Structures are given as C-alpha cells and as structure tokens.
Participant: 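Here it is: the structure, laid out below.
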Amino acid sequence: MHKLTITWDENQTPMSTYFDDVYFNTKGAIDETTYVFIDGNDLYQRFLRHKQDTFIVGETGFGSGLSFLLLWQTFLHFRSQHPNHILKYLAFFSVEKYPLSSDELIKVHNNVISDDSLLLLAKQLQTHLIDSTCQFDNVSLTICYDDISNFSKFLAKRNVLIDAWFFDGFSPAKNPDMWAESLFKDCYALTALNGTFATFTAAGFVRRNLLNAGFKVRKRKGFGVKREMLIGYRDE
Ligand SMILES: C[S@@+](CC[C@H](N)C(=O)[O-])C[C@H]1O[C@@H](n2cnc3c(N)ncnc32)[C@H](O)[C@@H]1O
C-alpha cells in the first residue's frame, strides 16, 4: 500500500510526512506560486522574447504539480494571445522521490484550486499521474521519479538546456539536499544562456551555493509577509 506522503494540518495545509514541512500554504497557494515562480522568472515576457519553438522549464520537486499547472495555464494564455508566435511548445521537466497517491493529488487540487480553467488542467494531470512522460497538446511533462542526485544525469541524457528553473524543494534547513552547491553546479551547466531561476527562499547558504555555481543572484521582495526570495540568471 502507498505510504501516505501528506498529512493535513488544522488549516487544511498539506504537510510532508517525510520532511515535516508544508507543500505550500493552502490559503494563497495559487498567488504565491505565481508570484515566486511564474513572475520570478518573468515568464510571460520571456515567452514573448523567445526566439525558438520550444521553451523548457526545470523544477526540483514536483509535489502536487501546482507550479506546472500554473505554468501550463500561463503558456495557454500566451498562445491564445499570440497564435502566430514562433514559440509553440512548452516542455517541463521535474523530479520527485516521494510521489503523491492519486487520492492525495486530487485532494490537494480540490482544496487549493477554485479557478475552473485550472481545475480542467488539473483533471488532465490527475489521469496521467504515474506516467513519467505525458503530452498535453503542445505541452509536455517529464518527471524523473528518483532522488534529486540523479536528476542532472536524467536531463543530460535528454540533451535538455533549461530556460527557467523552479527551485522548490521544501525548506532548505529541513531538506538541504535540494539546495546543495553540487546540485546547483549541475543545474548551471544545464541552463541555457540567459536562462533564469526563481526560488521562494533567501537562505544565506542557498544564495552562496547558487553564486558558487555561477549564477548571477538577486534578492527580490518575498510573497506576502515574506521578506525576500531569490532570482537569478546565467550570463555566460
Ligand atoms: C515544496 S514541495 C514541491 C511543491 C511543488 N512544486 C508543487 O507545485 O506542488 C517539494 C517536493 O520535493 C520533493 N523532494 C524532497 N526531497 C527530494 C529528493 N531528495 N529527491 C527528489 N524529490 C524530493 C518532495 O517529495 C516534494 O514533493
């Protein structure tokens, strides 16, 4: 039987049974995820400026796929506004060592998502949960169901160069493996020129590890009451 990956606290916030940390705060999850990852990577503008037919996003920690769903929705919006733009495809690569069960995934989506169009995308994702690769029209999703330490090899084998990263592996203090300098060095090597990253944390050791990996790093106001978060890019 699938070991429960999630418990729910009194505010209906999903907590990891492995890391004693929240996936996200249920209240404001959509706004926070949009602010940190979609806006943090300036994705709508990046789509507009993109000169190739495919935009590639990498993520550390697939979880409930909420970030993927919001990205997918943003991309569909972009495509509907710019149907003749050269950018036609979105490819999303993520890693997940502790996948949610189908019931857990559906419960998270139902608790967090109220927007009908996003729920429709969530339902499509729910039917493909255990597939490591799925194609939703012009959007592809590839999940490496493995430990983070094997993610860069997985990407390198597929000749992937990432245009934008979502670094999202629970609190750095509780899960340092997802924020290691060696991981960021591998990510940097797999980042396209001018590719960007965004993450919700501004922890000192995360910032140093990103800088040591080669990224240009900048602090930005965090979401809501959070003071700071980090964004950055590869410039050479
Ligand atoms: C904060 S959650 C990600 C939330 C997610 N982006 C979403 O949209 O729901 C962090 C994720 O990282 C995964 N994770 C933690 N440690 C990992 C490891 N060593 N290797 C791979 N995945 C890991 C967890 O299982 C969890 O799903």
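Worth saying up front: this structure is predicted, and the values here are computed from it rather than measured. We count ligands from 1, going down the list as the structure has it; atoms in each ligand are counted the same way.
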Participant: Which pair of non-hydrogen atoms, one from A164 and one from R46, has the smallest distance, and what is that distance?
Facilitator: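 The pair with the smallest heavy-atom distance is CB-NH1, 4.2 Å.
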Participant: Quick one: look up the protein heavy atom nearest atom 19 (N) of ligand 1 and list residue, atom name and how far away it is.
Facilitator: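 Looking only at protein heavy atoms, the one closest to atom 19 (N) of ligand 1 is D147 OD1, 3.0 Å.
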Participant: Out of all atoms in ligand 1, which are within 4.0 Å of some heavy atom of Y23? Include the element for each.
Facilitator: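 Listed by number with element: 1 (C), 2 (S), 26 (C), 27 (O).
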Participant: In terms of ring plane angle, is the pair W165 and F151 parallel, tilted or perpendicular, where the classes change at 30° and 60°?
Facilitator: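 It falls in the perpendicular class, over 60°.
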Participant: Side chain or backbone, does L66 bring an N or O within less than 3.5 Å of an N or O on ligand 1?
Facilitator: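 Yes: some nitrogen or oxygen of L66 is under 3.5 Å from one in ligand 1.
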Participant: Could you identify the single nearest non-hydrogen protein atom to atom 22 (N) of ligand 1 and state the distance to 0.1 Å?
Facilitator: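 In this structure, atom 22 (N) of ligand 1 has K97 N, 3.2 Å as its nearest protein heavy atom.
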Participant: Of all the non-hydrogen atoms in the protein, which one sits nearest to atom 12 (O) of ligand 1, and at what distance?
Facilitator: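 That would be G61 CA, 3.4 Å.
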Participant: Which residue and atom name correspond to the protein heavy atom nearest atom 17 (C) of ligand 1, and how close is it?
Facilitator: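 Scanning the protein heavy atoms, the shortest distance from atom 17 (C) of ligand 1 goes to M178 SD, 3.6 Å.
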Participant: How far apart are the closest heavy atoms of L183 and M178, and which atoms are they?
Facilitator: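 Answer, listing the atom of L183 first, then M178: CD2-O, 3.3 Å.
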Participant: When you measure from atom 20 (N) of ligand 1 to every protein heavy atom, which one gives the shortest distance, and what is it?
Facilitator: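 So the nearest neighbour among protein heavy atoms is I148 N, 2.9 Å.
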Participant: Parallel under 30°, tilted from 30 to 60°, perpendicular over 60°: which one fits the rings of F47 and F55?
Facilitator: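 Aromatic pair F47/F55 classed perpendicular.
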Participant: Could you go step by step and tell me if D53 and K88 meet the salt bridge (Lys or Arg N to Asp or Glu O under 4.0 Å) rule?
Facilitator: CA-CA 5 Å; D53 66 359; K88 303 228 174 332; over 6 Å; no
Participant: Starting from atom 7 (C) of ligand 1, find the nearest protein heavy-atom neighbour and note its residue, name and distance.
Facilitator: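 Sorting protein heavy atoms by distance from atom 7 (C) of ligand 1 puts F62 O, 3.4 Å first.
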Participant: Can you tell me the protein heavy atom closest to atom 25 (O) of ligand 1 and the distance?
Facilitator: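 Nearest protein contact, heavy atoms only, for atom 25 (O) of ligand 1 is E96 OE2, 2.5 Å.
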Participant: So between Y18, Y98, F170, whose heavy atom ends up nearest atom 26 (C) of ligand 1?
Facilitator: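 Looking at heavy atoms only, F170 sits closest to atom 26 (C) of ligand 1.
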Participant: Does ligand 1 come near enough to D177 that some N or O of the ligand is less than 3.5 Å from an N or O of the residue?
Facilitator: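 N/O-N/O distance below 3.5 Å does not exist for this pair.
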Participant: Closer than 3.5 angstrom, by distance alone: can the side chain of W179 be matched with the main-chain N or O of F170 as a donor-acceptor pair?
Facilitator: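 Flag set: sc W179 to bb F170 pair under 3.5 Å.
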Participant: Classify the angle between the aromatic ring planes of F167 and F197 as parallel (below 30°), tilted (30 to 60°) or perpendicular (above 60°).
Facilitator: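 Taking F197 first and then F167, their aromatic rings sit tilted (interplane angle of 30° to 60°).
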Participant: Nearest to atom 1 (C) of ligand 1 by heavy atom, L183, D168, V108, V95: which?
Facilitator: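 It is D168 whose heavy atom sits nearest to atom 1 (C) of ligand 1.
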Participant: Should F68 be listed as contacting ligand 1, given a heavy-atom distance under 4.0 Å as the test?
Facilitator: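 No heavy atom of F68 comes that close to ligand 1.
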Participant: May I ask you to identify the nearest protein heavy atom to atom 9 (O) of ligand 1, giving residue, atom name and distance to one decimal place in Å?
Facilitator: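 Residue, atom and distance for the closest contact: S64 OG, 2.8 Å.
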